[in-house]
Amino acid sequence: MDKEKEKGAVVLPENAFRELKDGETYEPLMSPNKTYREVTPWSVTWGLVMVVLFSAAAAYLGLKVGQVFEAAIPIAIIAIGLSTATHRKNALGENVIIQSIGACSGAVVAGGIFVMPAIYMLDLQADFIKIFIAAALGGILGILFLIPFRKYFVKDMHGKYPFPEATATTQVLVSGGEGGSQAKPLLVAGLVGGAYDFIVATFGWWNENVTSRMIGLGQDLADKAKLVLKVNTGAAVLGLGYIIGLRYAAIICAGSVFVWWIIVPLMAVIFPNTVLNQWDPTITITVGDMSPEAIFTSYARSMGIGAIAMAGIIGIVKSWGIIRSAVSLAAHEMKGKSPDSAEVQRTQRDISFKIIAIGSVLTLLIIYAFFFFGVMNLNLLHATVAVLVVAIIAFLFTTVAANAIAIVGSNPVSGMTLMTLILASVVMVAVGLKGSAGMLAALLMGGVVCTALSMAGSFITDLKIGYWLGTTPKKQEGWKFLGTIVSAATVAGVMILLNETYGFKGDALAAPQAHAMAAVIAPLMSGQGAPWLLYGIGAVIALVLDRCKVSALAFALGMFIPIQLNLPLLIGGAVNWFVGSRSKSAEENKARVDKGTLIASGFIAGGALMGVVSALMKFGGIECSVADAWWQNPMSEAVSLLAYVMLIAYFVKATRTKK
């Protein structure tokens, strides 16, 4: 800290990350008593550019591997690089707005891709307009529902929540004067990761997965014991694992190992000649004749669905006090008992609660009209029930999303959405809406809720960044709406493009969360029932894990995401641990970990963006891949393993800092 001050660098106050003492206050970098440049044509324009670019990239990555990266750090670095390159002075406020608008991308993407692909998987009819409206309205609802909780999470709980992603992004933005030096490793890593994943996606020079089947013994184990080891060797997924870190990556991977290496083989042993089709008559093959992947998809993953739903319920119970206090505060201010806005410090000004209340009602009315005219075929009862389910669940789970982001930096939106779909399906069937119409209605309801919760979790990060730096919350809140609408349009377009190019029914786009959503509602809406026993077992597992102080949500995610997408997270987390522990100097270790975060962000952004480029090429008829024939050869996996080792070696070497 002293060295940084000697160099004239801008640093956060000493009490930024710790709890305040009695009578102590936090003074942000930008004084509450001064006015700064924040919302300008420059910041809004570049914020919208970031929304479009990162929405497209995140949508591709999420549909490819089932993980959506948060774009906050890459966007912050790009914003700093732009202001540095153009010699803009005092650009901190503008950079926060660029980052805040741009971060709409990851939030809307998560809401869209976790649910909407299931529409195509189930052969339902939904055009660009329906997908866009569901995503846009959900995002707007999430913003409106979160604002009443801003003061609690951001100011009242100062120092009590770690806010890992907000911390990292804030440190990047604070480094403004060093933006060029920080942008360089991000750019280089983006080129390396982008080229690496582009070669695989476009040319297929090596396999995207390494499996135990590449050797004879591994093939025998897969066929007879139903044991298989699979690792996706993509640069973007490796970067995700690094940012998640070893602890949570290990918990996620433990859930995956539990299902793939214990539950799947055990089911084959217990039910070798049985067809467990009580809830899905399309399954006609015995468990013993299934591949490990088929057993996982047909049966074992349902336990993960139940575990995720229970993890969400646990989160609501733990957050009930927060919900009650925030509603009380909002009601207090709605009665006109709050001070005049001119008396409130600039850094604590929110959009008026009266505007929020009116906006929330109007948004819900538009959602009602959307369901009534566009989804429910003018059925008053169905539309009324649908909007009530959406409003109640979205509001209750808002605090769960914000709390998760504040503590661990990851939003359990997919698990909460699964629970929403289960509830929506049961309720809509109870009021007489079944079959294809019911499935479409439930998925669009889930899409609205999922986007709302994803936005709420993402936005609390932006508001915490603004709190530490001293921006005006009201400006962040107001311009977030525009970013949401632009992102929703981009995501809807990219989703239709990828469906036309690859299709969501094959293996080209994993979309694991969407597959889980389809698996949940199809039996419920078709009158076939559901695997309630498996859901129940998963719920019990989540309860036990919570009592043992283990993250039930992280474990549950591992239970239903394919193992090839979880093991790379553990590898990335291990790289994070190695990079941060190989020096005897704690300061040096921290510097290496921070540089690794930049490299990982580059891998994620570069790999995802080049994935979109590859998809556009295929959509345009440019096909130059040798994957179809070459990937059947085990040598393609050997080459993939070699390339992966070299990529990891580059990552570790690139984290070295100059002494």
Side-chain angles (χ1 to χ4, degrees), residues 17 61 65-70 72-73 161-169 171 185 189 193 210 229-261 311 404-412 545-546 548-604 607 644-645 647-657:
F17 303 125
L61 183 67
V65 304
Q67 295 286 338
V68 177
F69 70 92
E70 292 294 342
I73 293 176
Y161 288 135
F163 278 98
E165 186 186 353
T167 300
T169 308
Q171 294 285 29
V210 172
L229 173 68
K230 304 175 73 173
V231 179
N232 182 285
T233 57
V237 191
L238 177 68
L240 281 169
Y242 183 93
I243 291 178
I244 289 173
L246 184 58
R247 179 187 174 191
Y248 281 98
I251 297 174
I252 293 171
C253 209
S256 198
V257 167
F258 172 73
V259 168
W260 282 82
W261 294 353
I405 288 289
I407 295 174
V408 301
S410 60
N411 192 347
L545 289 169
D546 182 70
C548 295
K549 308 300 181 183
V550 176
S551 174
L553 181 67
F555 192 92
L557 286 172
M559 288 175 68
F560 83 87
I561 293 178
I563 192 170
Q564 67 266 26
L565 304 178
N566 290 328
L567 290 180
L569 300 183
L570 184 62
I571 295 172
V575 171
N576 186 316
W577 169 81
F578 177 75
V579 165
S581 61
R582 57 186 169 140
S583 172
K584 295 181 180 179
S585 168
E587 184 178 348
E588 178 70 12
N589 284 333
K590 183 180 183 302
R592 289 172 175 172
V593 169
D594 290 344
K595 191 171 183 182
T597 299
L598 299 178
I599 296 167
S601 299
F603 274 14
I604 292 169
Y644 195 50
V645 170
L647 182 70
I648 295 172
Y650 160 78
F651 193 122
V652 173
K653 184 177 180 180
T655 59
R656 294 178 182 174
T657 56

Open item on the list: Would Tyr242 and Ile599 count as a side chain to side chain contact (heavy atoms under 4.5 Å, CB included) here? Give the steps.
Closed with: CA-CA 9 Å; Tyr242 183 93; Ile599 296 167; over 6 Å; no
For the residue pair [X] and [Y], establish whether any side-chain heavy-atom pair is separated by less than 4.5 Å.
{"X": "Val231", "Y": "Pro568", "result": "yes"}
{"X": "Tyr644", "Y": "Val210", "result": "no"}
{"X": "Asn566", "Y": "Trp260", "result": "no"}

Quick check for you: to the nearest 0.5 Å, what is the distance between [X] atom [atom1] and [Y] atom [atom2]?
{"X": "Ile563", "Y": "Phe258", "atom1": "CD1", "atom2": "CZ", "answer": "13.0 Å"}
{"X": "Leu569", "Y": "Asn576", "atom1": "CG", "atom2": "CG", "answer": "12.5 Å"}
{"X": "Phe651", "Y": "Phe578", "atom1": "CZ", "atom2": "CZ", "answer": "12.5 Å"}
{"X": "Thr655", "Y": "Asn589", "atom1": "OG1", "atom2": "CG", "answer": "10.0 Å"}

Which atom pair, heavy atoms only, marks the closest approach of [X] to [Y]?
{"X": "Gly239", "Y": "Ala600", "result": "O-CB, 3.6 Å"}
{"X": "Arg582", "Y": "Val652", "result": "NH2-O, 3.3 Å"}
{"X": "Val593", "Y": "Gly580", "result": "CG2-CA, 3.4 Å"}

Task: Enclosure of Arg247 CZ (heavy-atom neighbours >12, cutoff 6.0 Å) - done: no
Open item on the list: Show me the pairs that pass side chain to side chain donor-acceptor pair (under 3.5 Å) and involve residues 552-564, at least two apart or across chains.
Closed with: none
Task: side chain to side chain contact (heavy atoms under 4.5 Å, CB included) evaluation trace for Leu229 with Leu567 - done: CA-CA 9 Å; Leu229 173 68; Leu567 290 180; 3.2 Å; yes
